[in-house]
Structure formats: C-alpha cells, structure tokens
Amino acid sequence: MQRTDPESWSLDLAAVTAPSDHCWVGSGRATVHPILGTVTGVHGCFAPPYVMADLRLHVTLEVNGIRIEDHGGPGMGDAGILYAGGQWRPHAIERNGTYHHIKNGQLVSFAVQSKLVPLVHAPGFLLTVAVTNRSSSSARFSAFPLLEPGQPNQLPLADWKYPKPRPGASPARLVSPNLWQTAEVEIRLQGDAETLDVPHGERGTFNFIVTAGALGATRVENELTDLTDVTRQHWRQRIETHLRAVPELRSSNHDLVAYYNRSLISGLVSLWEHPDFLMRPHVATSGMDGGALCTYLWDTGGYAPNLVSLMLGDRA
C-alpha cells in the first residue's frame, strides 16, 4: 500500500454498512454527501461558516434529444440510468452507472461515471460527469443540472456544535441564471460544456461546481477540470503530514491490515483545517459528516490517545 496516495485508501461503497446519510467526503474545508443509489445525486454540503444542509443537485442527460433521468431506478424496464456501484476515496466519491435501451428504433448505450469532490480553497464542491458512448455511431450528449439550493445559512464558527446545523430561516431565491440568494448568503452553480459530440467508444466530461459565500463572492475562476487534482494533492499532503510518525502495519493477515488502515483514515477525516479555526488541525467528533464540529475531550484522551498524538505531532 502506498500510504501517501489517496487512491490507496479506497473503499467499495457496497461495503459501507453505516446508514447512507453517514457517507460523506471531505477536504478539511468542505464536506459533501452523495445520494447513494444515484450516479449524480447530491444532498447536503457543509463548508463552515456556510450551511447547505438541504441543498440538492441532480443531473439529467440527453442523448440525441432523448432525456434520460438519474433517480435511482431499480432497473425494471427503462428506469433511467442504472446505478452500478462506486468507491469512496479520501478526496472524492466515484459512482458508476449504465444505460442500454432501444429508443426510437436506435440503440442508446453509454456508461457514466461521476466524481464528487469537496473543494479545498472555496466553500463548495465539484461534480464531474463523464459519459462513454457505447452506441454504434457518434452521439450528442447534453447535461442539464437541476439545483435546489434549499435554505442556506451562515453560522459563526463558534456555533458549530452538536447536532449538525439546521437550514436557514428562508429559502434562497433565484436572482439570475444559476445564482440564488438570501439576505446574507448566495449559492452559485457554474459549469463548462453544455453539449458534447462523442464518437463511438470515446468519452466526454461535464463539470459542475456549486459554491456558497457572501453576496457577490462565489464565482470560481479556476479551470474546473483542475479542482479534482487540487483536492487530491491536498489529501496527499495531509496523509504525509499526519501519518509521518504513525507506524505502518504489515501482516499476512490482510483483514487485520485493512482494519488498521480504516482506523487511521477514520482519524484523518476528523481533522479540519479551516483558515479561521484557532487550532489547526481541529479534531472534530463527527468528522466526515462535517456538521457537528464539536470536540469531546474523551475522544482524544480515552479512545486512542497515542495515535491522535502521533497524528497531530507538535502542531496542536
């Protein structure tokens, strides 16, 4: 296992036994929750001080003018995109899907893969949707994101306690295309290509980024395709820093090694690095879901004090 490579810490989503609403992925600055059973669905994002607890995002694909939904259908008949599993990684959640039906006398067949990536330098997340054309000829793909911003909220860092913050008092209203606002918070949806002509056997990718912030301060100027690498490299640095003094377990008992490594990643996802936190990293009790950023003393003094001390070193 290459411990500094975030890919080495992958976990099959089918092996996650916790309730589905416990499956989040974080960057140390933001965390986001996929709707399991769908390929593109997102429900909820926390990026202190911004609360997007009830935000929802879905992407509908259109192939040669035929709309294909992604709503987690069970696969009986033409139920839209069929979910085909995925992987949790420290920096992203990847989900796979497939579609294969005769429509209007022609075969429409493609594979779809999404990556859900929490951002490092902005409060929000990136969703990439890649399609591979398996039809016998070139196909025109379009992607239509549907964002429901819900009731976003801005909460002072001192108020991020337990339980997770609730939505704000009023829903965000649409003020211009792909921009929603309340009195204090705005939510922005940005994307790149809307339509791609994808030859047989080739692959095309759509990118969507959702950010929260103060009014007028949510636009992201980066190339959207670069943001996945930014989060991956950030996680590589986190692993290098916090596991430098932590022993590596090697054994012929592969299940024991896997259990040990899952314990380490459970600690890593609980470390938050918001630039305005007084202590960085900040050890959060509910690390992955990102909402309850409180810290109980017995978490670091009773359960695994030595490992936590090794992870933090002299930074805390």
Side-chain angles (χ1 to χ4, degrees), residues 1-34 36 44-47 85-95 115-120 125 164 228-251 253-274 277 280-296 298-313 315-316:
M1 176 182 182
Q2 298 293 326
R3 289 214 299 183
T4 58
D5 182 5
E7 304 285 343
S8 298
W9 300 87
S10 298
L11 177 65
D12 190 337
L13 286 177
V16 176
T17 58
S20 61
D21 61 342
H22 287 200
C23 186
W24 294 69
V25 61
S27 65
R29 173 68 186 272
T31 186
V32 62
H33 169 52
L36 295 183
C45 176
F46 294 105
Q87 294 280 323
W88 179 92
R89 310 186 194 282
H91 64 286
I93 286 178
E94 297 182 4
R95 289 170 285 171
K115 279 188 179 181
L116 182 59
V117 182
L119 300 182
V120 174
F125 62 90
K164 291 185 287 188
T228 298
D229 288 334
V230 171
T231 300
R232 183 192 296 113
Q233 290 303 319
H234 182 67
W235 256 102
R236 181 184 294 273
Q237 293 170 4
R238 282 161 61 88
I239 294 170
E240 289 178 350
T241 298
H242 297 300
L243 295 189
R244 185 174 294 127
V246 174
E248 181 176 357
L249 176 63
R250 298 178 183 177
S251 171
N253 186 333
H254 301 298
D255 290 335
L256 177 62
V257 174
Y259 177 83
Y260 178 77
N261 288 334
R262 284 197 297 270
S263 300
L264 296 185
I265 202 67
S266 296
L268 290 172
V269 299
S270 297
L271 301 181
W272 280 71
E273 300 168 325
H274 193 289
F277 284 172
R280 287 188 288 163
H282 171 83
V283 184
T285 292
S286 301
M288 189 177 294
D289 74 18
L293 289 183
C294 55
T295 300
Y296 296 126
W298 54 81
D299 286 346
T300 57
Y303 294 154
N306 294 330
L307 273 179
V308 172
S309 298
L310 289 173
M311 283 186 176
L312 297 182
R315 296 184 63 187

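Note: hydrogens, waters and symmetry copies are ignored here, and every other heavy atom, side chains too, is used. This one's a predicted model, so the numbers in the text were calculated from it and none came from an experiment.
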Q: Might you point out which heavy atoms bring P34 and I93 nearest each other, and give the distance in Å?
A: CG-CD1, 3.6 Å
(Q) For a 4.5 angstrom cut-off between non-hydrogen side-chain atoms, does V283 reach L312? (A) yes
Q.
Using a 3.5 Å distance criterion without hydrogens, assess whether the side chain of W235 forms a donor-acceptor pair with backbone atoms of G26.
A. yes
Q) Hey, does the side chain of W88 reach the backbone of W9 with a donor-acceptor pair shorter than 3.5 angstrom? A) no
Q) Should the pair K115-E94 be classified as a salt bridge under the 4.0 Å nitrogen-to-oxygen rule? A) yes
(Q) Is any side-chain heavy atom of N253 closer than 4.5 Å to one of Y260? (A) no
Q: Output yes when a side-chain donor or acceptor of S270 lies under 3.5 Å from a complementary backbone atom of S266, and no otherwise.
A: yes
Q.
Checking H234 now: which residues fulfil ring-ring contact (aromatic ring centres under 6.0 Å, His included) with it, not counting sequence neighbours?
A. none
Q: Just grab all the salt bridge (charged side-chain N to carboxylate O under 4.0 Å, His left out) pairs involving residues 239-248, residues at least two apart or on different chains.
A: E248-R250
Q: Kindly write out the residues that satisfy ring-ring contact (aromatic ring centres under 6.0 Å, His included) with H91, not counting sequence neighbours, or none if the list is empty.
A: none
Q. Do the non-hydrogen side-chain atoms of D12 and Q87 ever get within less than 4.5 Å of each other?
A. yes
Q) Residues two or more places apart in sequence or in another chain: which of them pass salt bridge (charged side-chain N to carboxylate O under 4.0 Å, His left out) with R236? A) D5
Q) Given side chains that start at C-beta, do those of P281 and T241 come closer than 4.5 Å, heavy atoms only? A) no
Q: Using atom types as modelled and distance alone, determine if a side-chain donor or acceptor of R238 lies under 3.5 Å from a backbone N or O of L271.
A: yes
**Q.** Side-chain heavy atoms of P90 within contact of L268, under 4.5 Å
**A.** no
Q.
Just to verify, what does R232 make a salt bridge (charged side-chain N to carboxylate O under 4.0 Å, His left out) with, not counting sequence neighbours?
A. E7, D229
Q. Is a donor on one side and an acceptor on the other found under 3.5 Å between the side chain of S8 and the backbone of R3?
A. no
Q | By ring-ring contact (aromatic ring centres under 6.0 Å, His included) - contacts of F277 (at least two apart) | A | H274, H282
